Amino acid sequence: MFTMKITVFAIGKIKEKYLKDGINEYLLRLKNYVDIDIVELSDSPVKDNPNESDIKKCKDEEGKRVLAKLKPTSYLIGLDLNKKEMDSIEFAKYINKKMVEGKSHINFVIGGSYGLSDELKNRLNDSFSLSKMTFLHQMTRLILLEQIYRALKINRNETYHK
């Protein structure tokens, strides 16, 4: 049987219990549909009131940590506030299309609180925005997992999405 694998690379640790609980709930639900893993990578420390150079250095360090974990052939999708948005139906079609195209292993990357490095952006195969709204950085992981779950339920015509 064909099994899709999804890996989420996420910069930063989840500290809040309610977020950890939500993430674990969706990981449990997703295990029935896909082989899914989260690779949590440390964020780079930044001084208070960082300048552009400090922020670039932080993003570059975080980007290198993600790139070091990828295979050269890895299909990588980045979350980027400045990219296209999809609704849940469009995202479900997108995931389905990737499976049909033979992308049996999809990787998502959630950058640190300052976003993705230029080097990492250049490595992306695709990118999109979850929303134009601003979320607590640590919530992004939960929102992405919920949307992946929703997409898989939609693609199987199972009740969940309304």
Side-chain angles (χ1 to χ4, degrees), residues 4-27 30 34-88 90-92 94-95 97-99 101-152:
M4 178 180 218
K5 178 165 178 57
I6 295 176
T7 302
V8 177
F9 292 92
I11 302 294
K13 300 227 180 284
I14 300 295
K15 297 173 183 101
E16 291 85 359
K17 182 183 181 316
Y18 74 96
L19 289 174
K20 287 181 186 177
D21 290 346
I23 288 165
N24 288 333
E25 175 63 28
Y26 280 100
L27 286 173
L30 282 161
V34 294
D35 179 8
I36 188 158
D37 289 309
I38 294 181
V39 177
E40 190 173 79
L41 302 164
S42 62
D43 52 356
S44 293
V46 179
K47 66 182 182 181
D48 290 339
N49 301 314
N51 61 36
E52 283 185 39
S53 175
D54 297 328
I55 291 170
K56 183 182 180 327
K57 181 181 176 199
C58 169
K59 291 192 312 186
D60 288 348
E61 289 171 358
E62 293 169 350
K64 286 185 187 320
R65 283 196 277 283
V66 173
L67 291 167
K69 299 280 185 185
L70 292 173
K71 295 177 185 167
T73 57
S74 295
Y75 192 84
L76 185 62
I77 302 166
L79 299 184
D80 187 331
L81 286 172
N82 300 311
K83 296 297 179 178
K84 66 185 175 235
E85 293 178 76
M86 290 183 263
D87 64 25
S88 296
E90 290 169 324
F91 185 59
Y94 177 83
I95 292 291
K97 182 179 178 200
K98 294 304 160 201
M99 291 175 66
E101 290 174 352
K103 308 287 189 280
S104 60
H105 187 178
I106 296 176
N107 300 276
F108 290 91
V109 61
I110 302 169
S113 56
Y114 293 106
L116 303 173
S117 70
D118 289 340
E119 184 180 16
L120 190 52
K121 284 181 182 180
N122 289 333
R123 171 57 182 81
L124 297 176
N125 298 96
D126 204 354
S127 56
F128 65 91
S129 172
L130 287 175
S131 173
K132 294 296 180 199
M133 298 175 98
T134 302
F135 302 116
L136 176 67
H137 175 70
Q138 293 183 346
M139 289 181 108
T140 305
R141 200 175 314 181
L142 176 60
I143 294 166
L144 176 62
L145 292 175
E146 191 278 336
Q147 286 300 300
I148 292 170
Y149 178 72
R150 183 178 297 274
L152 296 173

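Everything quoted here is computed from the prediction, not taken from an experiment.
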Please examine the side chains of [Y] and [X], heavy atoms only from C-beta on, and report whether any two atoms are closer than 4.5 Å.
X	Y	result
Leu124	Leu116	yes
Val109	Leu76	yes
Ser42	Arg65	yes
Thr140	Ile143	no

*So, Ser74 and Arg123: side-chain donor and acceptor under 3.5 Å apart, yes or no?*
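No.
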*asked:* Please determine whether the number of non-hydrogen atoms from other residues, nucleotides or ligands lying under 6.0 Å from atom NZ of Lys83 exceeds 12.
replied: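 Atom NZ in Lys83 is not crowded, with 12 or fewer foreign heavy atoms closer than 6.0 Å.
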*asked:* I'd like to know whether NZ of Lys56 has more than 12 heavy-atom contacts from other residues, nucleotides or ligands below 6.0 angstrom.
replied: no
*Look at the aromatic rings of Phe128 and Phe91 and report parallel, tilted or perpendicular, splitting at 30° and 60°.*
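If you compare the ring of Phe128 with that of Phe91, the planes turn out tilted.
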Are [X] and [Y] ion-paired here, with the side-chain N under 4.0 Å from a carboxylate O?
X	Y	result
Asp43	Lys13	no
Glu146	Arg150	yes
Lys97	Glu101	yes

Which pair of non-hydrogen atoms, one from [X] and one from [Y], has the smallest distance, and what is that distance?
X	Y	result
Ser129	Asp80	CB-O, 3.2 Å
Ser44	Glu61	OG-OE1, 2.8 Å
Tyr75	Lys98	OH-NZ, 3.1 Å
Arg141	Ile38	CD-CD1, 3.7 Å
Ile95	Ala151	CG1-CB, 4.3 Å
Leu81	Lys132	O-NZ, 2.9 Å

Nearest 0.5 angstrom please: [X] [atom1] to [Y] [atom2], how far?
X	Y	atom1	atom2	value
Leu19	Leu136	CG	CG	6.5 Å
Met86	Ser131	CE	OG	13.0 Å
Leu120	Ser127	CG	OG	10.5 Å
Leu144	Tyr149	CG	OH	15.5 Å
Glu40	Ile110	CD	CD1	10.0 Å
Phe9	Leu41	CZ	CG	7.0 Å

_With Leu145, the side chain to side chain contact (heavy atoms under 4.5 Å, CB included) member among Ile36, Asn24, Ile6_ =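 So, applying the side chain to side chain contact (heavy atoms under 4.5 Å, CB included) to Leu145 and each of Ile36, Asn24, Ile6, only Ile36 qualifies.
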*Per the side chain to side chain contact (heavy atoms under 4.5 Å, CB included) rule, which among Asp35, Ile106, Val39 passes with Thr7?*
Val39
_Using the rule given for salt bridge (charged side-chain N to carboxylate O under 4.0 Å, His left out), can you reason through Lys5 versus Asp37, listing the C-alpha separation, both sets of side-chain angles and the distance that settles it, and then say yes or no?_
CA-CA 8 Å; Lys5 178 165 178 57; Asp37 289 309; 2.5 Å; yes
*asked:* Any side-chain to backbone donor/acceptor pair from Asn125 onto Ile77? Under 3.5 Å, distance only.
replied: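 No.
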*Under the 3.5 angstrom rule, does the side chain of His137 hit a backbone N or O of Gly111 as a donor-acceptor pair?*
yes
Set of residues satisfying salt bridge (Lys or Arg N to Asp or Glu O under 4.0 Å) with respect to [X], sequence neighbours excluded:
X	result
Lys71	none
Lys64	Glu119
Lys84	Asp126

_Working for side chain to side chain donor-acceptor pair (under 3.5 Å), residues Ser88 and Gln147_ = CA-CA 7 Å; Ser88 296; Gln147 286 300 300; 2.7 Å; yes
